[in-house]
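Note that the structure is predicted; figures quoted are calculated from it, not measured. Because only heavy atoms are used, hydrogens play no part in the values below, and waters and symmetry mates are left out as well, while side chains stay in.
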Amino acid sequence: MDFALMLTSIPDLLRGSIITFELVGLSMLLGMILAVPLALMRVSHRLWFFVPSYAYIFFFRGTPLLVQIFLVYYGLSQFDQIKGSMLWPFLREPYWCAIIAFTLNTAAYTGEILRGAILAIPHGQIEAAKAMGMSRFLLLRRIIAPQALVLALPGYSNELILLLKGSALASTITLLELTGITRKIIAETYKPFELFLLAACIYVLITFVLTRIFNWVEHHYTAYRRPPEEMEAQG
Amino acid sequence: MRKAILLLTLALFLASSGPALAGDVLKIATEGAYRPFNYVKPDGTLAGFDVDIAHALAKEMGLDKEGYEMVIQEWDGMIPGLLARKFDVIVASMSITDKRKEAVAFTEPYYYETGSFVAKEGADLEISKEGLKGKTVGVQTATTWARYLEGVYGDVVDIKFYDSVQNHNLDLKSGRLDAVLATSFYMSSWLESEEGQGCEIVGEPVSDPEYIGEGVAIALRKGEKELKKRLNKALDAIIADGTHKKLARKYFSVDIYPYGKK
């Protein structure tokens, strides 16, 4: 074990972790924005809402993330029309290609998670709200959204962890995020055990912090499920 | 039932632990993505100069078809794989460098290489610190060329590292890269192929001995002195009897080994 190498590599790996953070953070935000309409379309009974959303989710859940990354990075750059378009300054950069692929991928999974959460809301509540004359939007805002978002939390934290680990695949398109930097140092030192172990520790640490945050948020928003005494004890 | 599961688990365990031992079979690793040196043919078999040399050496060493096996290993896991005993020798166009010598042992060189910068035709690129300033250059990670690029142009060039030569060539074609640096033999054969149309070699071949090392050789674990001796003897023999030259002529029009001069 080369502990000296592990110590001297920590700053490099942390620099890589920042890019990993950016990739996961941005894709998570953009993915969420896409996922909400996807989930609503998915639970709709209208064919022209339901079918495109179903097809989208089916495609992105049915293909490996690596293939999606390659499709965006190497695939799109094959076409001269794309290289001539105004999208090229973005698609030229591996950074944006990774974000596009991750966003599209996580949107599909998050959409399914939200759909499950929406369907888990007791139908009686929706009927009651309709009977009271709530509009569709009010129903969504007051009854469905507040409950569904909380119900989706455990599944969503799981998806986020998967996305974090999936972000390692960005190293295959020359991005020097955590795994990319690790592989580069290994290429120079031939010490895979020390460096992959160090990278694994950093991933575990990030995952740990993420789960803590989600546990806290979930606890906070599920206060209504706990008996009143406990709530009072908490202040 | 429980007994059956136990037996099944045991059987699976035994089955999976079997191939991990290299045993008596000499395992020869190559990359399979480095035409014309080593590549996978459409039918799935390996071909190329390295592969031919490996077969010729095995034959010279008196190994029959059951006595050795060629395996494919990705480039950046090549030396770690050797050290982890996944295979016993590397015949994959690996240059002898001081850094690698810290980790593995090498036989005598079986060819000598130079590097070439390749850019799109008409890119008007000058290979110098000024000419490459601010340019993006692609290179395969963990290669002699990656070290050369970092060492000589690292402060002025934006270097992108790829896992294979094919991938940086794709990005050269797509316009993400201004140039790539790789082995001259590889690049000249790529330029002759259909994919290489529209690109050209720029500047003089790179042959800086500080980076290029002492030629391309077969790598093996340190301490395997007997195997190294056998490989060197076989190498001498195929060079002396003309087999080496005959194989090289299949792929290259110039001499890649100084026959008779050493």
Side-chain angles (χ1 to χ4, degrees), chain A residues 1-2 4-5 12 16 19 66-67 69-98 168-197 199, chain B residues 73-84 86 90 94 97-105 120 136-151 154 158-178 180 195 198 211 219 221-222:
Chain A
M1 283 289 275
D2 190 340
L5 175 70
D12 285 328
I19 301 182
L66 185 64
V67 172
I69 292 173
F70 282 174
L71 262 179
V72 175
Y73 187 77
Y74 289 117
L76 292 182
S77 66
Q78 183 186 322
F79 301 101
D80 287 334
Q81 295 93 315
I82 285 182
K83 278 189 274 180
S85 79
M86 50 196 283
L87 285 174
W88 185 239
F90 283 103
L91 291 173
R92 192 178 192 278
E93 299 297 328
Y95 184 82
W96 292 107
C97 287
L169 292 173
S171 66
T172 58
I173 52 168
T174 76
L175 264 183
L176 294 177
E177 41 64 75
L178 183 45
T179 302
I181 286 258
T182 308
R183 286 176 61 179
K184 184 168 174 283
I185 301 176
I186 292 171
E188 288 158 4
T189 58
Y190 311 119
K191 296 270 163 64
F193 184 73
E194 285 86 341
L195 285 149
F196 279 135
L197 187 68
Chain B
Q73 165 66 48
E74 271 198 42
W75 182 254
D76 62 359
M78 201 60 97
I79 288 179
L82 178 76
L83 299 180
K86 296 246 161 68
I90 300 170
M94 187 174 274
T97 62
D98 288 340
K99 194 106 200 185
R100 288 185 184 133
K101 273 198 271 188
E102 288 172 17
V104 297
K120 285 212 173 158
T136 312
V137 181
V139 73
Q140 186 179 16
T141 189
T143 56
T144 313
W145 315 114
R147 279 200 326 116
Y148 174 81
L149 213 52
E150 280 192 295
D158 180 15
I159 306 171
K160 292 246 186 278
F161 298 93
Y162 290 79
D163 45 10
S164 76
V165 207
Q166 289 152 341
N167 283 347
H168 69 47
N169 284 351
L170 276 176
D171 267 3
L172 176 68
K173 294 275 286 183
S174 76
R176 284 194 181 106
L177 298 173
D178 296 305
V180 299
E195 301 102 82
Y211 292 95
R221 282 181 294 274
K222 283 181 175 176

Non-neighbouring partners of A/Tyr95 that pass ring pair (Phe, Tyr, Trp, His ring centres under 6.0 Å), sequence neighbours left out: none

Side chain / backbone / both / neither for B/Arg147 at chain A, heavy atoms under 4.5 Å: neither

Residue B/Gln140 versus chain A: region with a heavy atom under 4.5 Å: neither

Nearest heavy atoms of A/Thr172 and B/Asp163, plus distance in Å: O-OD2, 4.3 Å

Considering all heavy atoms, the nearest B/Lys99-A/Glu188 contact: CE-O, 2.9 Å

Test item: A/Arg183 and B/Asp76 side chains (from C-beta on) under 4.5 Å apart, heavy atoms: yes

Within-4.5 Å side-chain heavy-atom neighbours: A/Tyr190 and B/Glu102: no

Per-residue contacts, residues 167-178 of chain B versus chain A, heavy atoms under 4.5 Å: B/Asn167, B/Leu170, B/Asp171, B/Lys173, B/Ser174, B/Gly175, B/Arg176

Side chain, backbone, both or neither of A/Tyr73 within contact of chain B (heavy atoms, under 4.5 Å): both

Point-to-point distance, once rounded to the nearest 0.5 Å, from CD1 of A/Ile173 to NZ of B/Lys160: 10.0 Å

Spacing of CD1 belonging to B/Ile159 relative to OG1 belonging to A/Thr174, to within rounding of 0.5 Å: 12.5 Å

